[in-house]
There are 2 protein chains.
Amino acid sequence: MIFSKSCVYGLRASIYLASISGDKYISIKGLSDKLDISFHFLTKILQELTAADLLESMKGPKGGVRLSRSGSEITLKEVVVAIDGPAIFTECVLGLPGCGSEKPCPMHAMWEDTRDEINEVFMNTTLQNMSKEGKAKDLRITPDGKFIWS
Amino acid sequence: MIFSKSCVYGLRASIYLASISGDKYISIKGLSDKLDISFHFLTKILQELTAADLLESMKGPKGGVRLSRSGSEITLKEVVVAIDGPAIFTECVLGLPGCGSEKPCPMHAMWEDTRDEINEVFMNTTLQNMSKEGKAKDLRITPDGKFIWS
DNA sequence: AAGTTTTAAGACAATTTTGTCTTAAATATA
DNA sequence: TATATTTAAGACAAAATTGTCTTAAAACTT
């Protein structure tokens, strides 16, 4: 897997949040149930997104989480960086510490192009792009595919 | 990291092996010393490559490992698949089990293109491509960059 | 004010990945 | 034949990731 499970959970939750209109807070329990992700584990991941200012949270009844900006203003890259860090968008495949333009590894050049494309795609795709697509075409956001876009 | 450490170690060792001419067996101890990788750990990884018929091994003095085919006939993809499996070249980003053309996830389409490019590059690049480049330009294959191409 | 609901925080456990060590088996050499 | 060298195999340990559970703190409801 190119991303950690945490990161995938974070992406799925973020895309789902972007599909919801209004500024209501959505309970994490509700999210974890709909997306079939462990509640406490998801809580920790969403805390990272809150710490990164991608989400806002509120305690108490009527509490939960919501996007801190419009889904059209949050990119997939931001979510990935907040959870897995920027390495996938910046580092070389072999991960050799000093690998750079000065003394690169043999795979540096071939990977650079691909990595740049990954970077482009994730930087130019927003949560709203994904949620609109998902909602319009009733796409899969859970393993069993039984999720219902609201 | 896009690949596991095991996979990266396997790639580095394979590229190095491809840089050596002749059909002599190269001792794993020599490899682990030159590449600065734990000997026993590297041994296990190279056993996977041997099991996948990418390497041949020989016990005893003068024993070691060598490529089972010319480095020009082994692709980077073969090495990756032997160690990390084919998922990176076939699976979708979110890793949802049923994700396919039938009921894809929202990221499916955007990822498909990128994934295909990754597949292309790794399928069309051989160990020899990498070793020749590395040898010719004295590129980095170890963290400290002090490796000497022989 | 008291109780309920929810996130925050952190301890803890299970699993996977990574790394170490020991013994066995095969091959070469003296 | 005996010994040294090397891979094979597998037990074991350490570290990172993933997942569970408990308690605290904040916000709402009655």
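The analysis underlying the following values was restricted to heavy atoms, covering all of them including side chains, and did not include hydrogens, waters or symmetry mates.
Residue B/Ser27 places none of its side-chain N or O atoms closer than 4.0 Å to OP1 or OP2 of D/dT6. The shortest distance between the side-chain N/O atoms of B/Lys5 and the OP1/OP2 oxygens of C/dG19 is below 4.0 Å. Contact annotation: A/Ser6 side-chain N/O to D/dT18 OP1/OP2 distance is under 4.0 Å. Taking 4.0 angstrom as the limit, B/Tyr9 places a side-chain polar atom (N or O) nearer than this to OP1 or OP2 of C/dG19. For the OP1/OP2 pair of D/dT20 and a distance below 4.0 Å, the side-chain nitrogens and oxygens of A/Ser38 include at least one atom meeting the criterion.
Distance B/Ile26 CD1 to D/dT7 C1': 14 Å, rounded to the nearest Å. Atom CD1 of A/Ile28 is separated from atom P of C/dT5 by 17 Å (rounded to the nearest Å). If you measure from atom NZ of B/Lys29 to atom P of D/dA8, you get 16 Å, rounded to the nearest angstrom. With rounding to whole Å, A/Phe39 atom CZ is found 13 Å from C/dT5 atom P. In this structure, NZ of A/Lys62 is placed 19 Å from P of C/dT4, rounded to the nearest angstrom. Note: CD1 (B/Ile45) to P (C/dT17) measures 13 Å, nearest angstrom. Look at CZ on A/Arg66: it is 17 Å from P on C/dT6, rounded to the nearest Å. The distance from atom NZ of A/Lys24 to atom P of D/dC28 is 15 Å, rounded to the nearest whole Å.
Here the shortest heavy-atom pairing between B/Val8 and A/Val93 reads CG2-O, 3.8 Å. A pairwise comparison of heavy atoms in B/Ile83 and B/Ser4 identifies CG2-OG, 4.5 Å as the closest pair.
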Tell me which donor-acceptor pairs under 3.5 Å the side chains of residues 43-53 of chain A have, and how far apart each pair is, sequence neighbours excluded?
{"from": "A/Thr43", "atom 1": "OG1", "to": "A/Phe39", "atom 2": "O", "distance (Å)": "2.9"}
{"from": "A/Thr50", "atom 1": "OG1", "to": "A/Leu46", "atom 2": "O", "distance (Å)": "2.9"}

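A residue-by-residue look at A/Phe41 and B/Val65 shows that B/Val65 has its nearest nucleotide of DNA chain D further toward the 5' end.
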Identify the pairs formed between an N or O of the protein and an N or O of nucleotides 22-24 of chain D at a distance under 3.5 Å, and give each distance.
{"from": "D/dT22", "atom 1": "O4", "to": "A/His40", "atom 2": "NE2", "distance (Å)": "3.3"}

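Every residue meeting the side chain to side chain donor-acceptor pair (under 3.5 Å) condition with B/Arg66, not counting sequence neighbours, appears here in chain and number order: B/Tyr25, B/Glu56. With sequence neighbours left out, B/Phe3 forms a ring pair (Phe, Tyr, Trp, His ring centres under 6.0 Å) with B/Phe122. Qualifying ring pair (Phe, Tyr, Trp, His ring centres under 6.0 Å) partners for B/Phe41, counting only residues two or more places apart in sequence or in other chains: B/Tyr9.
Residue A/Thr142 holds its OG1 atom at 11.0 Å from CG of B/Leu94, rounded to the nearest 0.5 Å. Distance check: B/Met130 CE to B/Leu11 CG gives 10.5 Å after rounding to the nearest 0.5 Å. Remark: B/Ile118 CD1 to A/Ile2 CD1 distance equals 5.5 Å, nearest 0.5 Å.
Across residues 142-150 of chain A, not one residue has a non-hydrogen atom less than 4.0 Å from an atom of DNA chain C. Listed by residue number, A/Gln47, A/Ser57, A/Met58 are the residues of residues 47-58 of chain A with a heavy-atom contact under 4.0 Å to DNA chain C.
Residue pairs meeting the salt bridge (charged side-chain N to carboxylate O under 4.0 Å, His left out) criterion with at least one partner in residues 98-111 of chain A, sequence neighbours excluded, are A/Lys103-B/Asp138. Applying the side-chain hydrogen bond (donor to acceptor under 3.5 Å, both in side chains) test to pairs two or more places apart or on separate chains, those with a residue in residues 31-41 of chain B are B/Lys29-B/Asp33.
End-to-end axis angle for the helix from C/dA1-D/dT30 to C/dA30-D/dT1, using five pairs per end and rounding to 10°, comes out at 0°.
B/Arg140 places a side-chain N or O within 3.5 Å of a backbone atom of B/Pro143 that can act as its donor or acceptor partner.
Taking 4.0 Å as the cut-off between side-chain N and carboxylate O, B/Arg69 and B/Glu78 count as a salt-bridged pair.
A/Leu139 forms part of no hydrophobic cluster, judged by ILVMFWY side-chain heavy-atom separations under 4.5 Å. Counting side-chain heavy-atom gaps under 4.5 Å among Ile, Leu, Val, Met, Phe, Trp and Tyr, A/Met123 is found in no cluster with other residues.
Taking only distance into account, the side chain of B/Lys44 meets the base of C/dT20 through a donor-acceptor pair shorter than 3.5 Å.
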